[in-house]
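Here's the structure, in structure tokens; my notes come after.
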Amino acid sequence: MTNGPHDAMSRRAMIATIGAVAGVAIRGPRDAAAQAQPPSGPQRPPSTVTIPPRDFGPDAPPTTYFTDPDVVTVDPRFDAYIQRNSAIKRLWTGALWAEGPAWSAQGRYLVWSDIPNNRQMRWSEDDGRVSVFRTPSNNSNGNTFDFQGRQLSCEHLTRRVVRYEHDGSSTVIADAYNGKKLNSPNDVVPHPDGSYWFTDPPYGGQLYEGEPDAPGGPSNPAGRLNPRIGQPAGFVPGKRELPTNCYRIDPSGRLDLVVSEDQVPDPNGLAFSPDYKKLYVASTGKGPGDTGPGGKGDMSVFDVGANNKLANQKRFSDFMIDDVKCGPDGVRCDVNGNVWVSSNAGRHVGYSGVTVWTPDGKLIGRIRLPEVCGNICFGGPKRNRLFMAASQSLYAVYTATQGAAPG
């Protein structure tokens with residue numbers, strides 16, 4: 001044991017460090033976040049990178065002292081939808097890009113897509129087990145369950161929407177419009193009248209998430225990429241032929257265009273309001289080889305008429321929060337009409353996750369995740385648990401509300 005000047009300095013440094021950490025703990029997460037703010041520019045809340053670093057895993061030590069510090073109230077109205085004593089949990093990790101979570105109420109399981117790995121995964125509610133549900137999945141993206149409990153999937157590789165029937169067969173319910181092949185259906189939602197509504201951006205034209213166009217197509221103009229590599233014998237690559245639109249599949253099988261590229265370029269996630277009188281459609285950035293207008297990372301809302309015609313398009317939000325672009329992707333509504341939207345904020349730590357909005361476009365809350373969030377859904381036996389497919393992982397948190405629609 002020594003008492004030299006270096007030891008004294010080390011002890012003083014250690015005491016100062018302990019004091020700083022203790023000060024953060026005493027002040028609480030909100031005060032600590034305020035201390036960490038730069039004098040100007042985007043805020044950088046220290047969520048998900050706390051000291052010590054937060055562990056979101058199922059066996060992680062407690063992080064919740066009444067309210068999860070990464071479930072953030074922006075407006076007091078959000079407090080009514082927060083489930084106290086409930087923590088954000090990472091249920092599973094291991095995907096290349098997780099998307100399209102959907103809840104089977106009858107089966108009590110969650111299915112989601114791991115697009116680049118060409119598979120669908122399943123999380124079982126009874127024991128938390130994760131297994132491969134369907135492989136190959138044709139690079140499926142968005143999934144949902146209709147009012148009869150049948151799974152719908154949007155497939156990038158085959159550029160179509162399919163339905164899995166109760167007898168184990170599958171049905172192609174949309175693959176072309178006016179004789180031209182669809183681009184890469186992305187997200188789909190059911191309507192009580194038996195119709196299905198889906199978006200058709202160009203993102204499946206990427207080598208990573210589907211297959212590039214045949215030589216000369218928008219995502220393979222020079223023809224250097226070989227879309228047959230990695231595909232089964234006899235595979236015939238397609239070529240993008242249509243603008244990026246939204247469609248309605250009538251119960252008769254007829255396919256109608258409901259939102260054009262001029263209205264919402266590169267449409268992505270979509271959801272109905274609880275009364276089915278409004279349709280929300282997210283618009284994301286340009287896809288591969290996209291020569292159209294490209295999305296601006298915002299969302300539009302339409303009035304849905306009695307004849308299924310959309311009218312009165314309005315910009316719901318530009319998703320700029322604290323000067324940070326929280327790009328929208330997947331979207332769901334709760335029974336109160338609030339709009340829950342996945343957030344892609346890139347490298348702005350603390351802004352990726354989920355943003356929550358009132359029906360009139362007022363931000364009321366955020367859920368901060370350590371990964372970019374691609375899509376969300378409500379599930380669980382009471383449909384009060386929010387599942388979040390975020391990059392490589394699946395997260396969940398209980399809420400004090402319920403999802404408004406099946407799947």
Side-chain angles (χ1 to χ4, degrees), residues 81 99-113 123 125 140-154 161-164 173-174 185-199 246-251 258-259 267-282 299-306 308 310 316 328-342 354-359 367 373-389 396-407:
Y81 308 110
E99 253 283 8
W103 177 255
S104 170
Q106 186 276 334
R108 290 179 64 165
Y109 63 82
L110 184 89
V111 62
W112 75 97
S113 296
W123 176 84
E125 188 269 338
S140 69
N141 189 331
N143 302 285
T144 194
F145 288 87
D146 67 12
F147 286 85
Q148 289 73 45
R150 297 170 296 186
Q151 183 185 340
L152 307 172
S153 291
C154 296
V161 182
V162 300
R163 183 176 63 213
Y164 295 98
I173 56 176
N186 186 283
D187 211 352
V188 58
V189 291
H191 191 282
D193 67 3
S195 64
Y196 307 124
W197 301 54
F198 70 94
T199 57
C246 298
Y247 300 94
R248 175 184 180 270
I249 306 170
D250 188 77
V258 290
V259 180
N268 201 319
L270 77 171
F272 286 106
S273 59
D275 58 6
Y276 290 87
K277 293 182 179 180
K278 293 187 180 298
L279 179 70
Y280 299 90
V281 185
M299 181 180 288
S300 293
V301 58
F302 298 84
D303 292 334
V304 183
N308 294 305
L310 302 183
F316 179 71
D329 193 329
V331 54
R332 290 290 189 273
C333 289
D334 65 27
V335 292
N336 301 99
N338 299 304
V339 184
W340 301 62
V341 187
S342 66
V354 177
T355 57
V356 187
W357 310 76
T358 62
I367 299 172
C373 188
N375 213 327
I376 59 176
C377 78
F378 285 93
K382 297 182 180 180
R383 204 184 291 170
N384 64 334
R385 199 174 190 186
L386 185 71
F387 292 92
M388 298 163 279
V397 66
Y398 283 98
T399 72
T401 186
Q402 293 175 314

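The figures that follow rest on heavy atoms only: side chains count, while hydrogens, waters and symmetry mates do not.
The nearest pair of heavy atoms linking Asp329 to Ser342 is CB-OG, 3.2 Å. Here the shortest heavy-atom pairing between Trp112 and Pro101 reads CB-CA, 3.8 Å. Closest heavy-atom contact between Val258 and Leu310: O-CD1, 3.7 Å. Of all non-hydrogen atoms in Asp193 and Pro251, the two that sit nearest each other are O-CG, 3.4 Å. Minimum heavy-atom separation, Arg332 to Gly407: NH2-O, 3.5 Å. The two atoms that bring Arg150 and Tyr196 nearest to each other are NH2-OH, 3.5 Å, heavy atoms only.
Here the CD-CG distance, from Gln151 to Asp146, works out to 10.0 Å after rounding to the nearest 0.5 Å. Taking CG of Asn268 as the start and CE of Met299 as the end, the distance is 9.0 Å to the nearest 0.5 Å. The CD1 atom of Ile376 sits 8.0 Å away from the OG1 atom of Thr355 when rounded to the nearest 0.5 Å. In this structure, SG on Cys333 lies 11.0 Å from CH2 on Trp340, to the nearest 0.5 angstrom. Atom-to-atom distance recorded for Thr401:OG1 and Asn336:CG is 4.5 Å, nearest 0.5 angstrom. Summarising the geometry, atom OH belonging to Tyr247 is positioned 10.5 Å from atom OG1 belonging to Thr199; distances are rounded to the nearest 0.5 Å.
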- Message: Let's go through Ile173 and Leu152 carefully: what are the C-alpha distance in whole Å and the side-chain angles of both, what is the deciding distance for side-chain contact (heavy atoms from CB on, under 4.5 Å) to 0.1 Å, and is it a yes or a no?
- Response: CA-CA 9 Å; Ile173 56 176; Leu152 307 172; 4.0 Å; yes

- Residue pair Asn338, Tyr81: steps toward the side-chain hydrogen bond (donor to acceptor under 3.5 Å, both in side chains) verdict: CA-CA 10 Å; Asn338 299 304; Tyr81 308 110; 3.3 Å; yes

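Between Ile249 and Val188, the closest side-chain pair of non-hydrogen atoms is not below 4.5 Å. Taking the side chain as every heavy atom from C-beta outward, Asp303 and Lys278 approach each other to under 4.5 Å. Residues Val189 and Thr144 are not in side-chain contact: their nearest non-hydrogen atoms beyond the backbone lie 4.5 Å or more apart. Residues Phe198 and Asn186 are not in side-chain contact: their nearest non-hydrogen atoms beyond the backbone lie 4.5 Å or more apart. Side-chain contact between Val259 and Pro267 is absent, with no heavy atoms from C-beta onward closer than 4.5 Å.
Each of Ser104, Cys377, Ser153 was compared with Asn143 under the side-chain contact (heavy atoms from CB on, under 4.5 Å) criterion, and only Ser153 meets it. With respect to Trp197, the ring pair (Phe, Tyr, Trp, His ring centres under 6.0 Å) criterion is satisfied by exactly one of Tyr276, Phe302, Phe272, Tyr280: Phe272.
Aromatic ring orientation, Phe387 versus Trp103: parallel (interplanar angle below 30°, classes split at 30° and 60°).
Judged by distance alone, the side chains of Ser195 and Asp250 never bring a donor and an acceptor atom under 3.5 Å apart.
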